[in-house]
Amino acid sequence: MKRIIMFCLLFSFLSIYVQAQNANKEEKIVIRTSAQCEQCKERIEKALAYERGVKKAELNLETKEVSVWYKPSKTTPEKIRKAISLVGYDADDVTAEPKAYSKLPACCKKPDDPLHEEHKWRW
């Protein structure tokens with residue numbers, strides 16, 4: 001009988017330990033963005049710094065990809081993509097929120113956008 005009780009206690013302890021380890025585990029996701037310049041980098045990284053569960057975010061302007069380290073127990077990749085779109089940028093297949101995108105400076109808009117600096121009519 002003592003062996004059964006000891007086994008149950010040991011199993012319970014191990015289960016709690018494994019769950020605690022998984023709760024603290026961080027994952028990394030790489031998201032393709034529509035970022036164009038240093039202002040975009042600052043804007044996206046700042047927004048993600050305030051996102052619950054995000055531990056670190058780094059945008060590479062050359063590749064236009066943001067690497068995000070996050071706790072899966074606190075947030076999801078979908079929520080991270082949504083946070084980026086709410087700042088005005090595309091995030092993988094999630095398009096930028098139109099109202100936020102319209103407020104971006106011209107240098108931060110996509111090159112093929114008719115409102116981009118290079119495509120403005122010069123009178």
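Computed from heavy atoms alone, side chains included, the values below leave out hydrogens, waters and symmetry copies.
Listed for the N60 side chain is a donor-acceptor partner under 3.5 Å among the backbone atoms of E62. At least one donor-acceptor pair closer than 3.5 Å links the side chain of E97 to the backbone N or O of A100. For the pair D90 (side chain) and A96 (backbone), a donor-acceptor distance under 3.5 Å is present. The closest donor-acceptor contact from the side chain of S34 to the backbone of Y89 lies at 3.5 Å or more, if one exists at all.
Nearest heavy atoms, K25 versus P72: O-CD, 3.2 Å. Nearest heavy atoms, A57 versus V66: CB-CG2, 4.3 Å. Of all non-hydrogen atoms in K41 and L59, the two that sit nearest each other are NZ-O, 2.9 Å. The two residues Y70 and I29 come nearest to each other via the heavy atoms CE2-CG2, 3.8 Å. Taking each heavy atom of Q36 and C107 in turn, the nearest pair found is CB-O, 3.4 Å. E58 and E45 make their closest contact through CA-OE2, 3.4 Å (heavy atoms, listed as atom of the first residue, atom of the second, distance).
V94 places none of its side-chain heavy atoms less than 4.5 Å from the side chain of I84. Residues R81 and P77 have side chains in contact (heavy-atom distance under 4.5 Å, counting atoms from C-beta outward).
Note that K110 lies in the cation-pi zone of Y101, set by a 6.0 Å cut-off to the ring centre and a 45° limit from the axis. Within the cation-pi definition used here (under 6.0 Å to the ring centroid, within 45° of the axis), K56 qualifies as a partner of W69.
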Residue pair K82, E78: steps toward the side chain to side chain contact (heavy atoms under 4.5 Å, CB included) verdict: CA-CA 6 Å; K82 181 68 174 173; E78 293 77 24; over 6 Å; no
List the steps, then state whether side chain to side chain contact (heavy atoms under 4.5 Å, CB included) holds for K109 with L104. CA-CA 7 Å; K109 298 198 176 179; L104 293 177; 4.3 Å; yes
